[in-house]
Amino acid sequence: MSMPFYVSPEQQMKDKADYARKGIARGRSVVVLQYDDGILFVADNPSRALHKISEIYDRMAFAAVGKYNEFENLRQAGVRYADVNGYMYDRRDVTARGLANAYATTLGTVFTEMNKPYEVELVVAELGEDAASDQIYRLTFDGSVADEHGYVAMGGQADQVAAALQEHYEEGQPLARALRLGVRALERQDADRHLEAEQLEVAVLDRNRTHRLFRRLPAARIRALLEEAESAETQGEPDSGAGDTAAE
């Protein structure tokens, strides 16, 4: 009679983590950056239907990389969480910290108890009254939570993207310059890669708006902002990024 096959708990956890990391790395990156008037989300994503960036609640947004059906289930659960808590208590009681904790519990439970972990990484962001009070939480496949400031890169060749962000990120950048930095960082995933506006999914949490602060930027607006940043760089002048309170 053959002996039962035994795998130590430590090895099981390591195998699950390696599996999840490989799945996440196969996709394209997403970057999240603070800019002077809010939080910017930029995804290398040509799909107009399968969003990696979404609104969760009044001042909150969600970005994800990895397996679409898994992070879409989490997004829908996050919207339900926000709606129920906002209805039962007060809209101000719905926070990114609370949602991040709920996601951490779900991801941690799946990682430890299921055979296959979720192949996802998430960012939950909440816009504050000023940049210092913005909240950005990064969640990994095992339920770990990190409180981030300034910028985040996840998915794909995230280390290369993060290195590009670290090299050039400055606090209080105008939107045009922040978008240009995010796009250039995403282009680091491949040599000679050039991302056009139509290949990008871009959204902002904009402090200049009221009530619903989340707004998607159409390709024409993305293109205009990138041209504005390039022009300012060529002229050696600080680009203002002004006038981005126009409706989508």
Side-chain angles (χ1 to χ4, degrees), residues 1-32 41-57 60-85 94-126 135-148 151-163 186 189-190 201 203:
M1 189 172 74
S2 61
M3 294 289 290
F5 183 67
Y6 174 75
V7 177
S8 70
E10 293 83 358
Q11 187 61 46
Q12 282 185 327
M13 294 298 108
K14 182 181 182 302
D15 289 346
K16 286 183 180 181
D18 289 344
Y19 176 88
R21 288 192 190 98
K22 287 177 183 175
I24 293 164
R26 279 195 289 269
R28 294 279 178 189
S29 296
V30 173
V31 297
V32 181
F41 305 81
V42 189
D44 183 349
N45 181 25
S47 174
R48 300 276 70 87
L50 305 181
H51 294 307
K52 293 183 176 182
I53 303 162
S54 297
E55 181 181 34
I56 292 287
Y57 210 54
M60 291 167 53
F62 167 100
V65 293
K67 204 159 189 178
Y68 177 78
N69 67 310
E70 292 175 349
F71 69 67
E72 176 62 12
N73 285 338
L74 290 168
R75 182 196 68 81
Q76 292 178 13
V79 171
R80 287 194 297 272
Y81 167 93
D83 284 344
V84 168
N85 280 274
V94 181
T95 65
R97 180 179 294 127
L99 180 56
N101 287 335
Y103 279 147
T105 300
T106 299
L107 289 168
T109 300
V110 170
F111 183 75
T112 54
E113 297 183 5
M114 306 293 285
N115 287 330
K116 193 196 88 63
Y118 275 4
E119 299 166 62
V120 298
E121 279 191 38
L122 314 176
V123 161
V124 177
E126 179 181 351
Q135 296 181 44
I136 301 175
Y137 298 101
R138 178 179 182 172
L139 294 103
T140 51
F141 54 84
D142 61 356
S144 299
V145 185
D147 185 2
E148 303 284 358
Y151 59 86
V152 182
M154 57 181 183
Q157 307 301 313
D159 290 345
Q160 294 177 32
V161 177
L186 291 173
Q189 294 176 96
D190 295 303
E201 180 185 359

Using side-chain heavy atoms (C-beta onward) and a distance below 4.5 Å, is [X] in contact with [Y]?
X	Y	result
Leu122	Tyr103	yes
Arg75	Ile56	yes
Val120	Val65	no
Leu107	Phe141	no
Tyr137	Arg97	yes
Val30	Asp44	no
Val123	Met154	yes
Val161	Gln189	yes

Inset, instruction - Please confirm whether Phe111 and Tyr118 have ring centers closer than 6.0 angstrom. - result: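 When the ring centroids of Phe111 and Tyr118 are compared, they turn out to be at least 6.0 Å apart.
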Looking at [X] and [Y], what are the two nearest heavy atoms and their distance?
X	Y	value
Ala203	Ile53	CB-CG2, 3.8 Å
Ser29	Gly156	OG-CA, 3.8 Å
Ala104	Val145	CB-CG2, 3.5 Å
Val110	Lys116	CG1-O, 3.9 Å
Phe71	Ala64	CG-CB, 3.4 Å
Lys16	Met114	NZ-O, 2.7 Å

Are the side chain of [X] and the backbone of [Y] linked by a donor-acceptor contact shorter than 3.5 Å?
X	Y	answer
Gln160	Gln157	no
Glu70	Glu119	yes
Arg138	Ala153	yes

Inset, instruction - Take Tyr151 and Val32 through the side-chain contact (heavy atoms from CB on, under 4.5 Å) test and state the conclusion after the steps. - result: CA-CA 5 Å; Tyr151 59 86; Val32 181; over 6 Å; no
Inset, instruction - Any chance you could lay out the salt bridge (Lys or Arg N to Asp or Glu O under 4.0 Å) test for Arg80 and Asp83, step after step, and finish with the verdict? - result: CA-CA 5 Å; Arg80 287 194 297 272; Asp83 284 344; over 6 Å; no
Inset, instruction - Please check if any side-chain donor atom of Gln135 sits under 3.5 Å from a side-chain acceptor atom of Thr95, or the reverse. - result: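 There is no such pair (donor and acceptor under 3.5 Å, judged by atom type) between the side chains of Gln135 and Thr95.
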Inset, instruction - Verify the distance criterion only: is there a donor paired with an acceptor across the side chains of Thr140 and Asp142 at less than 3.5 Å? - result: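 Checked: Thr140/Asp142 side chains pair up, N/O donor to acceptor below 3.5 Å.
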Rounded to the nearest 0.5 Å, what's the gap from [atom1] on [X] to [atom2] on [Y]? Could you check?
X	Y	atom1	atom2	answer
Asn115	Gln12	CG	CD	8.5 Å
Leu99	Phe62	CG	CZ	8.5 Å
Lys14	Gln11	NZ	CD	6.0 Å
Ser47	Arg28	OG	CZ	14.5 Å

Inset, instruction - Start with the C-alpha distance between Asp147 and Ile136, add both sets of side-chain angles, then the distance that settles side-chain contact (heavy atoms from CB on, under 4.5 Å), and finish with yes or no. - result: CA-CA 6 Å; Asp147 185 2; Ile136 301 175; 5.7 Å; no
Inset, instruction - With Asn45 as reference, evaluate Lys52, His51, Glu201 under the side chain to side chain donor-acceptor pair (under 3.5 Å) test and give the passing residue. - result: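 Of Lys52, His51, Glu201, side chain to side chain donor-acceptor pair (under 3.5 Å) with Asn45 is met by Glu201 alone.
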